[in-house]
Novice: 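To start, I am sharing the structure in question, which I have written as structure tokens.
Reckoned from all heavy atoms, side chains included, excluding hydrogens, waters and symmetry mates.
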Amino acid sequence: MSQAAHLPQVSGKLKADAPLAPLVWFKSGGGRRGVFEPKDLADLQGFLRDLDPSVPVMALGLGSNMIVRDGGVPGVVIRLGKAFAKVTRADEVTLECGGGASGILVSSTARDNGIAGVEFLRSIPGTVGGFVRMNGGAYGGEVKDVLVDCDVVLRDGSLVTLGNVDLGYTYRHSELPEGAVVVAARFKGRAGEPEAIQAEMDRISASREASQPLRSKTGGSTFKNPEGHKAWQLVDEAGCRGLTLGGAQVSEKHTNFLLNVSDATSSDIEALGEEVRRRVKEKSGVALEWEIQRVGMFADASGQARVGIQK
């Protein structure tokens, strides 16, 4: 999608040939693709309705839990801006959250309104849309525990509301339709005291600061925790702490984090992850599963893009 003539007319911001690497935390890969930030819900619906149905669509939040491969992604990337970043109280224990709102804003608004139970969202560097899609979770909480329902714009531009049960939640996974964009969600907590809620948020923040490489170019937790195991411990026991490949490295501070330490390509990062999986399997017999979403196309030695399949 490099020609503006192939894209529908919109009211929001539409860049027909934008680099994706600056939009993801790893700062790697991406190529150039159409990036659309809709002005409002109607703008998003009209764009998806009028866009050629054969053109793939991918929603992108803060880009924190994602590897965008070096060949880029096909089609158009949708980013929800300020129009979708509001959080308000719906009732005594429920929050109305825009799909582009950050976890920090959700948890802070909950605190200000005396709603406990969503403090864990403070620790996830992403947006509501990403949380809903991936069943985001940390520190004992998951989105499936607090989601009431969500508003979703489907690939054809239609707006539907999906309940918690409709999303088929499992660990870090949902059955959200391909090409769908989460524009709003309702989270239900419980009554709590703002001081106690803030104390829990502070505890979570301090724990992250002490254990995770927060100021590095990283993608967050790389692998899912296997049943009965902690991914970081399996990686450490396999001798992978500090392991490097090209410009990528396994974090020495937290071994379930991969880092871009020296202009790594996305291929460097993904290949390092696969090497870690191989060593863990050889050492412990456990097959680690990727938690980070890997999207797009590989670039082969000739520089030509080829479609990659997630494992």
Side-chain angles (χ1 to χ4, degrees), residues 11-13 36-48 59-62 64-65 78-155 157-169 174-177 179-198 200-201 204:
S11 301
K13 300 175 183 177
F36 174 47
E37 182 178 312
K39 178 183 178 181
D40 51 29
L41 178 58
D43 195 28
L44 173 61
Q45 289 185 271
F47 177 81
L48 292 177
L60 177 65
L62 297 183
S64 58
N65 195 239
I78 307 258
R79 299 193 81 204
L80 300 183
K82 292 182 179 179
F84 297 88
K86 299 179 178 65
V87 180
T88 57
R89 189 182 73 170
D91 62 35
E92 293 301 314
V93 292
T94 307
L95 295 170
E96 176 79 26
C97 308
S102 69
I104 292 176
L105 179 59
V106 174
S107 56
S108 297
T109 304
R111 174 203 61 208
D112 295 345
N113 287 278
I115 299 174
V118 296
E119 294 90 341
F120 70 95
L121 292 176
R122 167 68 178 79
S123 68
I124 308 176
T127 59
V128 166
F131 302 157
V132 171
R133 176 176 292 278
M134 295 297 293
N135 186 24
Y139 295 93
E142 289 184 297
V143 165
K144 72 175 181 60
D145 301 328
V146 297
L147 179 75
V148 178
D149 57 21
C150 59
D151 298 333
V152 177
V153 177
L154 300 179
R155 178 59 185 83
S158 59
L159 178 68
V160 299
T161 297
L162 301 176
N164 190 315
V165 67
D166 298 322
L167 294 172
Y169 276 137
S174 77
E175 298 296 336
L176 196 68
V181 180
V182 177
V183 293
R186 266 68 59 185
F187 294 143
K188 184 175 183 178
R190 61 182 184 277
E193 293 296 327
E195 295 80 6
I197 295 169
Q198 182 61 56
E200 175 63 6
M201 290 167 59
I204 289 172

Novice: Using only atom types and a distance under 3.5 Å, with no angle test, would you say the side chain of Asn164 pairs donor to acceptor with the backbone of Val148?
Specialist: no
Novice: Would you confirm whether Tyr169, through its side chain, and Val132, through its main-chain N or O, come within 3.5 Å as a donor-acceptor pair?
Specialist: yes
Novice: Is there a donor-acceptor contact under 3.5 Å from the side chain of Thr94 to the main chain of Asp91?
Specialist: no
Novice: Any chance the side chains of Asp151 and Thr161 put a donor and an acceptor closer than 3.5 Å?
Specialist: yes
Novice: Identify which one of Glu200, Met201, Glu195 satisfies the side chain to side chain contact (heavy atoms under 4.5 Å, CB included) criterion when paired with Gln198.
Specialist: Met201
Novice: I would like to know whether Val128 and Phe84 meet side chain to side chain contact (heavy atoms under 4.5 Å, CB included); could you show each step before the answer?
Specialist: CA-CA 10 Å; Val128 166; Phe84 297 88; over 6 Å; no
Novice: Ignoring hydrogens and angles, state whether a donor on the side chain of Asp112 or Thr109 is under 3.5 Å from an acceptor on the partner side chain.
Specialist: no
Novice: Please answer whether the main-chain N or O of Pro38 pairs with a side-chain N or O of Asp43 as donor and acceptor at a distance below 3.5 Å.
Specialist: no
Novice: Give a yes or no on whether a salt bridge exists between Arg79 and Glu37, defined as a side-chain N under 4.0 angstrom from a carboxylate O.
Specialist: no
Novice: Do you know the tightest heavy-atom contact between Tyr139 and Ser123?
Specialist: CD1-OG, 3.4 Å
Novice: Measure from the side-chain N and O atoms of Ser158 to the backbone N and O of Leu154, and report whether any donor-acceptor pair falls under 3.5 Å.
Specialist: no
Novice: Has the side chain of Ser174 got a donor or acceptor atom that lies under 3.5 Å from a matching backbone atom of Arg133?
Specialist: yes
Novice: Over all heavy atoms of both residues, which pair between Val152 and Ala180 is shortest? Give the atoms and the distance, please.
Specialist: CG1-CB, 3.4 Å
Novice: Please check: side-chain N/O of Asn113 versus main-chain N/O of Arg89, any donor-acceptor pairing under 3.5 Å?
Specialist: no
Novice: Does Leu41 form a side chain to side chain contact (heavy atoms under 4.5 Å, CB included) with Val183? I'd like the steps, not just the answer.
Specialist: CA-CA 8 Å; Leu41 178 58; Val183 293; 4.2 Å; yes
Novice: Where do Val143 and Phe187 land on the side chain to side chain contact (heavy atoms under 4.5 Å, CB included) test, with the steps shown first?
Specialist: CA-CA 8 Å; Val143 165; Phe187 294 143; 4.1 Å; yes
Novice: Any chance you could lay out the side chain to side chain contact (heavy atoms under 4.5 Å, CB included) test for Leu44 and Val181, step after step, and finish with the verdict?
Specialist: CA-CA 9 Å; Leu44 173 61; Val181 180; 4.1 Å; yes
Novice: Any donor and acceptor pair, going by atom type alone, linking the side chain of Gln45 with main-chain N or O of Gly157 inside 3.5 Å?
Specialist: yes
Novice: For the backbone of Leu105 and the side chain of Ser108, can you confirm whether one donor and one acceptor N or O come within less than 3.5 Å of each other?
Specialist: no
Novice: Please check this pair: side chain of Arg155 against backbone of Leu48, looking for a donor-acceptor N/O pair closer than 3.5 Å.
Specialist: yes
